[in-house]
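One structure is given below, encoded as structure tokens.
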Amino acid sequence: MKIKIYYVYILTNKTKSVLYTGVTNDLVRRCFEHKNKLQPGFTEKYNVNELVYFEVFDFAESAISREKQIKGYSRAKKDALIDKFNPTKKDLYTNGVIENPLK
């Protein structure tokens with residue numbers, strides 16, 4: 001039986017002026033899609049493709065619930081969450097590799 005892992009993630013643009021919160025079961029693939037603008041929509045329109053935050057979950061329901069919670073946060077609360085996890089707000093996705101800034 002394959003173990004599924006789910007991610008809630010936050011992306012930003014180059015100037016850090018826009019945030020996007022999403023959920024996926026394959027963070028590397030999803031970041032690749034955002035970087036290469038493979039999915040039309042908000043992230044493509046606003047050039048949102050830098051991974052600055054993520055959380056890991058064992059259950060899809062938990063990840064979806066957390067995504068909704070974060071989407072309801074104010075910009076200041078989202079920034080605080082990102083700052084605690086990734087103080088420099090550097091892009092955590094590079095060439096197919098996700099970096100965990102807490103390690």
Side-chain angles (χ1 to χ4, degrees):
M1 184 172 142
K2 184 177 180 186
I3 297 173
K4 285 278 195 170
I5 298 173
Y6 302 89
Y7 302 87
V8 173
Y9 62 96
I10 300 176
L11 301 175
T12 192
N13 60 348
K14 187 176 183 178
T15 61
K16 314 293 189 247
S17 62
V18 179
L19 295 178
Y20 171 83
T21 304
V23 64
T24 185
N25 66 347
D26 188 337
L27 190 57
V28 171
R29 174 190 48 82
R30 197 68 183 109
C31 287
F32 179 84
E33 292 172 349
H34 286 299
K35 287 266 187 214
N36 293 284
K37 301 182 183 353
L38 299 179
Q39 299 292 328
F42 181 88
T43 58
E44 177 194 31
K45 181 177 180 180
Y46 295 100
N47 296 310
V48 178
N49 62 17
E50 294 186 11
L51 179 67
V52 291
Y53 179 85
F54 66 91
E55 293 180 29
V56 181
F57 295 87
D58 294 327
F59 301 101
E61 298 80 11
S62 302
I64 292 166
S65 176
R66 180 64 169 149
E67 176 199 27
K68 289 178 181 179
Q69 182 183 39
I70 292 172
K71 282 185 173 185
Y73 284 179
S74 67
R75 173 62 191 247
K77 195 165 183 177
K78 290 176 190 176
D79 283 338
L81 193 65
I82 294 165
D83 288 343
K84 187 173 181 179
F85 182 76
N86 181 6
T88 62
K89 291 188 175 96
K90 74 180 217 166
D91 190 355
L92 301 174
Y93 172 83
T94 307
N95 299 323
V97 177
I98 304 294
E99 177 185 338
N100 185 342
L102 300 179
K103 288 189 175 185

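The residues of the chain are indexed from 1 along the displayed sequence. Keep in mind that this is a model prediction, so the values were computed, not measured.
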Looking only at heavy atoms, the pair that brings Y9 and T24 closest together is CE2-CG2, 3.9 Å

Looking at I82, V8, L19, L11, which hits side-chain contact (heavy atoms from CB on, under 4.5 Å) with Y53?
I82

Spacing of L38 atom CG and F32 atom CZ [to the nearest 0.5 Å]
6.0 Å

Salt bridge (charged side-chain N to carboxylate O under 4.0 Å, His left out) partner of E50, chosen from K90, K14, K16
K16

Rounded at 0.5 Å granularity, tell me how far CG in L92 sits from CG in N100.
8.0 Å

Return the minimal non-hydrogen interatomic distance between P40 and E44, and the atom names on each side.
CA-OE1, 3.1 Å

Separation between OG1 (T94) and NZ (K35), nearest 0.5 Å, reads 7.0 Å

Between the CG atom in L27 and the CD atom in E55, the distance rounded to the nearest 0.5 Å is 12.0 Å

Measure from the ring center of F54 to the ring center of F85 and say whether it is less than 6.0 Å.
yes

What do the steps show when you test Y6 against R66 for side-chain contact (heavy atoms from CB on, under 4.5 Å), and what is the final call?
CA-CA 11 Å; Y6 302 89; R66 180 64 169 149; over 6 Å; no

Is the side chain of N25 donor-acceptor paired with the backbone N or O of I5 at a distance under 3.5 Å, no angle test?
no

Could you tell me which non-hydrogen atom of T12 sits nearest to which non-hydrogen atom of S17, and how far apart they are?
OG1-N, 4.1 Å

Heavy atoms of Y46 and V18 approach each other most closely as CB-CG1, 4.4 Å

How many angstroms lie between atom CZ of R30 and atom CD of E33, to the nearest 0.5 angstrom?
5.0 Å

Start with the C-alpha gap between V28 and I98, add the side-chain angles, then the distance that decides, and say whether side-chain contact (heavy atoms from CB on, under 4.5 Å) holds.
CA-CA 7 Å; V28 171; I98 304 294; 3.7 Å; yes

Using distance alone, with no hydrogens and no angle criterion, decide if S62 and D58 have a side-chain donor and acceptor under 3.5 Å apart.
no

Between OG1 on residue T21 and OH on residue Y73, distance to nearest 0.5 Å
10.5 Å

ILVMFWY network linking V97 to L51, side-chain heavy atoms under 4.5 angstrom:
no

For the residue pair N47 and K37, confirm or rule out a side-chain donor-acceptor distance under 3.5 Å.
yes

How are the rings of F42 and Y20 set to each other: parallel, tilted or perpendicular (split at 30° and 60°)?
parallel

side-chain contact (heavy atoms from CB on, under 4.5 Å) evaluation trace for D83 with K89:
CA-CA 7 Å; D83 288 343; K89 291 188 175 96; 2.8 Å; yes

